[in-house]
Amino acid sequence: VLTGDSKDEL
Amino acid sequence: MNIFRLAGDMTHLASVLVLLLKIHTIKSCAGISLKTQELYALVFATRYLDLFTDYISLYNTLMKLIFLVSSFSIVWYIRHHKIVRRSYDKDQDTFRHYFLVLPCFLLALVINEKFTVKEIMWTFSLYLEAVAILPQLVLLQRTRNIDNLTGQYVFLLGAYRSLYILNWIYRYFTEPHYVHWITWISGLVQTLLYADFFYYYFQSWKNNVKLELPA
């Protein structure tokens with residue numbers, strides 16, 4: 001999982 | 001994933017389901033701005049380009065698919081469904097939303113985290129989402145009387161954005177390198193747009209009167 005990267009948000 | 005983020009996503013999902021429910025059951029889109037729905041479909045189309053390239057989690061992929069399918073089907077319903085389209089008030093829904101697309105795209109070209117196609121499209125989708133509600137808010141001002149489902153729809157959208165801001169605050173204090181000014185500023189602008197709607201929504205709820213926005 002990409003941590004710290006806001007790309008993990010919708 | 002923190003509770004604010006999950007609550008935000010669930011509220012966002014609820015807003016879309018309320019809208020789909022309204023359109024599907026009463027076969028009417030009265031009071032709904034097609035322009036805002038088109039902008040949201042474009043937001044999801046340009047933000048979820050990494051849907052098949054970057055796998056983050058089943059939850060993430062599932063939610064992206066739900067938002068994509070629901071936003072495009074809402075646009076389809078309002079534009080092409082033989083009964084629903086009759087209730088679309090195109091004379092009132094006149095916000096020139098194409099004037100929002102170009103400035104957002106130009107801004108994304110100038111202010112972004114990385115000058116790559118994917119990053120620019122992602123940043124464009126952030127800026128566009130911030131202003132996508134404008135046609136809907138203008139329509140609400142025009143049509144004055146707001147039916148419950150439309151009011152709930154806009155309320156849930158505003159709540160989702162507010163919860164996302166709490167999510168960013170939480171992540172800022174719990175994750176050392178979590179700083180994303182572009183996401184935070186565009187998200188804040190978007191939430192502020194709902195502020196006056198919230199004010200009148202709570203006033204009508206408190207005084208138990210029909211929700212009316214001042215002209």
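In what follows, chains carry the letters A, B, and so on, assigned in the order in which the sequence lines appear, proteins first and then strands, with residues in each chain numbered from 1.
For CZ of F105(B), the number of neighbouring non-hydrogen atoms (other residues, nucleotides, ligands) closer than 6.0 Å is 12 at most. For Y59(B), the OH atom counts as densely surrounded, since its 6.0 Å shell holds more than 12 non-hydrogen atoms of other residues, nucleotides or ligands. Atom CH2 of W76(B) has more than 12 heavy atoms from other residues, nucleotides or ligands within 6.0 Å.
Side chains of L10(A) and R47(B) form no contact here, defined as non-hydrogen atoms less than 4.5 Å apart.
Listed here is the closest heavy atom pair of R171(B) and E9(A): NH1-OE2, 2.8 Å.
E119(B) has a carboxylate O that lies under 4.0 Å from a charged side-chain N of K7(A), or vice versa, which qualifies the two as a salt bridge.
Both the backbone and the side chain of N60(B) come within contact range of chain A, with heavy atoms under 4.5 Å apart. F67(B) touches chain A through its side chain: at least one heavy atom from C-beta onward sits under 4.5 Å away, while N, CA, C and O do not.
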